[in-house]
There are 2 protein chains.
Amino acid sequence: MNDKKLSDEECLRDMRHIQDTLYVISGKWKLPIIMSINNGNNRFREISRSIPKITLRMLSKELKELEINKLITRTVSEDSSILITYKLTAYSQTLAPLIEEMKNWGRNHKAMITEKKT
Amino acid sequence: MNDKKLSDEECLRDMRHIQDTLYVISGKWKLPIIMSINNGNNRFREISRSIPKITLRMLSKELKELEINKLITRTVSEDSSILITYKLTAYSQTLAPLIEEMKNWGRNHKAMITEKKT
DNA sequence: TTTATTGATATACTTTAGTATACTGATTGT
DNA sequence: ACAATCAGTATACTAAAGTATATCAATAAA
């Protein structure tokens, strides 16, 4: 995607980084979950309700993976009652430029693909 | 991923754009294929050889999808012999910032995740 | 006291993604 | 004439991702 040609090894190394990123953010629900939490939903049921068709199993599974990847935290508070809260980490903000870029590219791409054949 | 809260509708609309992008670039082989072509491999067998474990079926399938998405072109030239050439489109270059960002984020993320627990 | 809500887990299933292997017809090379 | 290469396709399979549904123990609300 840039002008100079790369060696095969450089190329494979780059691919591994890209695959690592894809692994963290792809799948049907990871980004919807991140966006839901970002939008102010912090409890399991809240997040679940905010994402129309997600199942409890997937939500549970994906929250764990996001926690392992340090994009969210799960905290149990016991002030008068047990309450579990999910929050985005400061680190998760490093994804912002990528998400923004994906949003823009996707919008533009759809417009491009669906435009009347010239 | 930014400070102002969005309405649910705005949020869902953004998600659709992001999912559109993910659909185009995710899967095990799409980016390896793009990078291989970018690296100077233009013929079916060349691309196939340059990507260690890809099967002919997947290469064929993914090339078609990339063509539908206008990221590559497939041209049949008949100057003295039939020869099929795959090339990246000018449009495919719009993916460059995204790919670059994914590469950087992935590299940094791996370092972050594997670093000794402080 | 029963009912609902919270934060999940377990089991079984379906769907999608990817693999393995054999094959084709046209061309080029020996 | 025979083998090799090119650009794939067809069929059958396995693995991964996701869904459906039931269940649980601990609060909280009526």
Side-chain angles (χ1 to χ4, degrees), chain A residues 15-16 18-37 40-69 72-88, chain B residues 12 15-16 18-37 40-69 71-88:
Chain A
M15 268 313 310
R16 276 193 297 272
I18 293 168
Q19 300 290 19
D20 289 342
T21 299
L22 275 173
Y23 184 78
V24 172
I25 64 171
S26 73
K28 197 169 176 180
W29 303 112
K30 295 217 185 68
L31 288 173
I33 292 168
I34 288 174
M35 295 180 86
S36 170
I37 298 176
N41 302 111
N42 297 104
R43 306 188 55 188
F44 191 88
R45 293 278 161 179
E46 274 180 351
I47 300 167
S48 156
R49 270 185 246 103
S50 74
I51 304 175
K53 306 218 153 190
I54 197 168
T55 60
L56 300 180
R57 184 182 188 272
M58 287 309 289
L59 181 53
S60 170
K61 193 166 160 287
E62 302 289 55
L63 284 169
K64 274 176 198 156
E65 283 192 48
L66 291 171
E67 204 191 349
I68 287 168
N69 283 305
I72 64 171
T73 53
R74 177 186 187 274
T75 44
V76 183
S77 82
E78 286 194 71
D79 324 339
S80 85
S81 79
I82 292 166
L83 177 68
I84 288 164
T85 313
Y86 291 96
K87 288 214 172 76
L88 295 184
Chain B
L12 288 170
M15 267 313 308
R16 276 192 297 272
I18 293 169
Q19 299 289 18
D20 288 343
T21 300
L22 276 174
Y23 184 76
V24 173
I25 63 172
S26 73
K28 197 169 175 180
W29 303 112
K30 296 220 185 66
L31 288 173
I33 291 168
I34 288 174
M35 294 180 87
S36 170
I37 298 176
N41 303 111
N42 297 104
R43 305 189 54 187
F44 191 87
R45 294 278 163 179
E46 274 181 352
I47 300 167
S48 156
R49 271 185 246 101
S50 74
I51 304 175
K53 305 219 153 188
I54 198 168
T55 60
L56 300 179
R57 183 181 188 272
M58 287 310 289
L59 180 54
S60 170
K61 195 165 159 287
E62 301 290 54
L63 284 169
K64 274 174 198 157
E65 283 192 48
L66 292 171
E67 204 189 348
I68 287 168
N69 282 304
L71 296 174
I72 65 171
T73 53
R74 176 186 187 274
T75 42
V76 183
S77 82
E78 286 193 72
D79 323 341
S80 84
S81 81
I82 291 164
L83 177 70
I84 289 164
T85 314
Y86 292 96
K87 288 214 172 78
L88 295 183

A.B. asks: Could you check how far CD1 of A:Ile37 sits from P of C:dG7, rounded to whole Å?
C.D. replies: 12 Å

A.B. asks: Looking at CG of B:Leu22 and CG of A:Leu22, how far apart are the two atoms once the value is rounded to the nearest 0.5 Å?
C.D. replies: 7.0 Å

A.B. asks: Could you state the atom-to-atom distance from CZ of B:Arg57 to C1' of D:dA7 in whole Å?
C.D. replies: 16 Å

A.B. asks: Find the distance A:Tyr23:OH to D:dA17:C1' and express it as a whole number of Å.
C.D. replies: 11 Å

A.B. asks: Strictly distance-based, threshold 3.5 Å: is any side-chain N or O of B:Gln19 a donor or acceptor partner for the main-chain N or O of A:Lys28?
C.D. replies: yes

A.B. asks: Hey, is the side chain of A:Ser60 poking within less than 4.0 Å of OP1 or OP2 on C:dT9, counting only N and O atoms?
C.D. replies: yes

A.B. asks: Under 4.0 Å: is that the gap between some side-chain N or O of A:Tyr86 and OP1 or OP2 of C:dA8?
C.D. replies: yes

A.B. asks: Look at the side chain of B:Lys28 and decide which nucleotide, out of C:dA8, C:dG18, D:dT19, has an atom nearest to it.
C.D. replies: C:dG18

A.B. asks: Which of these nucleotides, D:dA7, D:dG8, C:dG7, is closest to any side-chain atom of B:Arg43?
C.D. replies: D:dA7

A.B. asks: How would you label the contact of B:Ile84 with the nucleic acid (heavy atoms, under 4.0 Å): base, sugar-phosphate, or nothing?
C.D. replies: sugar-phosphate

A.B. asks: Using modelled atom types only, decide if a donor and an acceptor are shared between the side chain of B:Asn69 and the backbone of B:Glu65 within a distance under 3.5 Å.
C.D. replies: yes

A.B. asks: To the nearest Å, give me how far apart CG (A:Leu59) and P (D:dT21) are.
C.D. replies: 18 Å

A.B. asks: Looking at B:Lys64, B:Met58, B:Arg57, which one forms a side chain to side chain contact (heavy atoms under 4.5 Å, CB included) with B:Ser60?
C.D. replies: B:Lys64

A.B. asks: Could you pick out which residue, B:Arg45 or B:Lys61, lies toward the 5' side of DNA chain C when each is mapped onto its nearest nucleotide?
C.D. replies: B:Lys61

A.B. asks: Mind calculating the distance between CG (A:Leu22) and P (D:dA17) to the nearest angstrom?
C.D. replies: 13 Å

A.B. asks: Measure from CG on B:Leu56 to P on D:dT5 and round the result to the nearest Å.
C.D. replies: 14 Å

A.B. asks: Whole Å only: how far is the CE atom of B:Met58 from the C1' atom of C:dT16?
C.D. replies: 11 Å

A.B. asks: Can you measure A:Arg49 atom CZ to C:dA8 atom P for me and round it to whole angstrom units?
C.D. replies: 14 Å

A.B. asks: Counting N and O atoms only, with roles assigned by atom type, does the side chain of A:Asn42 sit under 3.5 Å from a partner on the main chain of A:Tyr86, one being a donor and the other an acceptor?
C.D. replies: yes

